[in-house]
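To start, the structure itself, in structure tokens.
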Amino acid sequence: MPTPLTTADTAIGDTHRSLRERVYVELRERIIEGQYPAGMRLVEREVADELRVSRVPVREAMQRLASEGFLTVQPRRGSVVAGFGPEDAAHLFDIRENLEGLAARLVARGATPAELKDLEKLLARARRASESGRLRAAVSLNADFHRRIVELSGNPLLVDVMAPLDSRLRRLFRLTSGQADGEPMCGAHERLFEAIRDGDEARAEELARAHVADTRDSALHLLAEQPARENSAQA
């Protein structure tokens with residue numbers, strides 16, 4: 001069982017964030033980062049002991065994670081970490097291609113100088129991480145770039161629709177980033193930023209959609225090659 005993540009050697013319940021939310025975020029991040037791999041059985045009592053909290057917030061967090069597709073409930077096994085395979089990724093790519101294209105168009109239409117500077121800083125940090133060989137950091141920053149474009153779209157409904165997908169997108173990036181090349185990713189994002197900065201709505205949407213489509217095949221191929229324990233919950 002992974003070591004508890006604590007702040008200043010305190011239990012998870014000793015932070016200022018609400019206990020319910022803190023436990024949920026902790027369990028979700030352990031699934032995303034692979035500390036709780038696909039097929040792993042999570043026992044409510046054991047998780048509560050590990051995090052040094054009561055069973056109630058753990059139960060609530062696990063119910064929420066199940067509703068979001070991170071856990072499945074199996075007969076005689078209870079809660080099990082759900083897999084994330086090619087079919088799951090394909091569904092995610094279908095949604096991303098359309099909605100991220102829309103988001104890029106909207107940002108190109110109305111981004112302020114301060115918002116453009118914010119995007120530019122993200123790209124610069126991702127480029128430095130990529131050039132220094134810190135691939136995982138580069139992938140994380142590039143995911144932040146995608147999320148930031150949606151946030152800057154000015155469309156609260158689009159933000160609400162995309163928000164639940166963010167955690168799945170980060171899990172996808174974690175599963176496929178080990179063999180990914182950060183350079184093409186940074187280059188694609190930099191070209192997208194140029195279109196947004198120039199206010200070229202049609203070009204920004206085209207590049208955003210093309211970027212998602214271009215990464216689709218390689219991601220699905222990498223997922224198909226993942227060990228069974230990464231792709232599907234064990235029976």
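What you see is a predicted model, and the numbers here were worked out from it, not measured in a lab. What's counted below: heavy atoms across the whole structure, side chains too, no hydrogens, waters or symmetry copies.
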So do the side chains of V80 and M40 get within less than 4.5 Å of each other, counting heavy atoms only? no
Just wondering, do V159 and N155 contact through their side chains at under 4.5 Å, heavy atoms? no
State plainly whether one hydrophobic cluster holds both V56 and V58, where clusters connect Ile, Leu, Val, Met, Phe, Trp and Tyr through side-chain heavy atoms under 4.5 angstrom apart. no
Between the main-chain N or O of A114 and the side-chain N or O of D118, is there a donor-acceptor pair closer than 3.5 Å? no
How far apart are the C-alpha atoms of E151 and M162, what are their side-chain angles, what is the distance that settles it, and do they pass the side chain to side chain contact (heavy atoms under 4.5 Å, CB included) test? CA-CA 9 Å; E151 292 171 348; M162 289 294 291; over 6 Å; no
Chi angles and distances behind the side chain to side chain contact (heavy atoms under 4.5 Å, CB included) call for R28, S167: CA-CA 8 Å; R28 184 194 67 194; S167 296; 3.3 Å; yes
Could you please spell out the steps behind the side chain to side chain contact (heavy atoms under 4.5 Å, CB included) verdict for L19 and V53? CA-CA 9 Å; L19 181 60; V53 299; 3.7 Å; yes
Please give me the minimum heavy-atom distance between D88 and G85, naming the atom from each residue. OD2-N, 2.9 Å
Is there a path of hydrophobic side-chain contacts, each under 4.5 Å between heavy atoms of I, L, V, M, F, W or Y residues, that connects I196 with V212? no
Cation-pi between R171 and F84: NZ/CZ under 6.0 Å from ring centre and within 45° of the ring axis? no
Quick one: does L158's side chain get under 4.5 Å of L99's, heavy atoms only? yes
F70 side, atom CZ; I32 side, atom CD1 - distance, nearest 0.5 Å: 4.5 Å
Starting from L141, can I reach L192 by hopping between I/L/V/M/F/W/Y residues whose side chains sit under 4.5 Å apart? no
CG-CZ distance between L165 and R96, expressed to the nearest 0.5 angstrom: 9.5 Å
Taking the side chain as every heavy atom from C-beta outward, state whether E194 and R203 have any atom pair closer than 4.5 Å. no
Which atom names give the shortest non-hydrogen contact between A138 and A129, and what distance separates them? N-CB, 3.7 Å
Any chance the side chains of R134 and S132 put a donor and an acceptor closer than 3.5 Å? yes
Lys/Arg N to Asp/Glu carboxylate O, R64 vs E60, below 4.0 Å: no
Just verifying a value: how many Å separate R147 CZ and D166 CG, rounded to the nearest 0.5 Å? 4.5 Å
Are V47 and V23 packed together at the side-chain level, in the sense that at least one heavy-atom pair is separated by less than 4.5 angstrom? no
Going from CZ on F93 to CG on D217, what distance comes out if it is rounded to the nearest 0.5 angstrom? 9.0 Å
Only counting residues at least two apart or in another chain, list the ones meeting side chain to side chain donor-acceptor pair (under 3.5 Å) with D200. none
Backbone N/O of A48 and side chain of R55: donor-acceptor pair under 3.5 Å: no
Set of residues satisfying side chain to side chain donor-acceptor pair (under 3.5 Å) with respect to E29, sequence neighbours excluded: R170
I'd like to know if the side chain of Y24 pairs up with that of E68 as donor and acceptor (distance under 3.5 Å, no hydrogens or angles considered). yes
Heavy-atom closest pair, residues V73 and S79: CG2-OG, 4.4 Å
Pairs where residues 119-157 contributes a residue and the test ring pair (Phe, Tyr, Trp, His ring centres under 6.0 Å) is met, not counting sequence neighbours: F145-H189, H146-H189, H146-H211
Check whether more than 12 heavy atoms from other residues, nucleotides or ligands sit under 6.0 Å from atom CZ of R20, and answer yes or no. no
For F193 and L123, the nearest pair of non-hydrogen atoms, with its separation, is CB-CD1, 3.4 Å
Smallest separation among heavy atoms of A111 and L116, with atom names: CB-CD2, 3.8 Å
Indicate, with yes or no, if I31 and V25 share a hydrophobic cluster defined by side-chain heavy-atom contacts under 4.5 Å among Ile, Leu, Val, Met, Phe, Trp and Tyr. yes
Checking one residue: V43. Which other hydrophobic residues are in its cluster under the side-chain 4.5 Å linking rule? none
Looking at side-chain heavy atoms only, is the closest gap between E225 and H221 below 4.5 Å? yes
Using a strict threshold of under 4.0 Å (side-chain N to carboxylate O), is an ion pair present between R209 and D214? no
Evaluate salt bridge (charged side-chain N to carboxylate O under 4.0 Å, His left out) for E50 paired with R30, printing each intermediate quantity in order. CA-CA 13 Å; E50 178 186 357; R30 292 185 181 197; 2.4 Å; yes
Heavy-atom pair with the smallest gap, counting every atom of A208 and A104: CB-CB, 3.7 Å
Could you tell me whether the side chain of E115 and the main chain of T112 form a donor-acceptor pair under 3.5 Å? yes
As an exercise, state the distance from CG of L102 to CZ of R105, rounded to the nearest 0.5 Å. 8.5 Å
For the atom pair OG (S130) and CZ (R125), what is the distance rounded to the nearest 0.5 Å? 14.5 Å
Sorted by chain and residue number, the salt bridge (Lys or Arg N to Asp or Glu O under 4.0 Å) partners of E87 (sequence neighbours excluded) come out as none
Is any side-chain heavy atom of I149 closer than 4.5 Å to a side-chain heavy atom of L106? no
Can you name the residues that form a side chain to side chain donor-acceptor pair (under 3.5 Å) with R197, not counting sequence neighbours? none
Any L119 side-chain heavy atom under 4.5 Å of L152 side chain: yes
I would like to know whether T176 and L172 meet side chain to side chain contact (heavy atoms under 4.5 Å, CB included); could you show each step before the answer? CA-CA 6 Å; T176 59; L172 170 65; 4.1 Å; yes
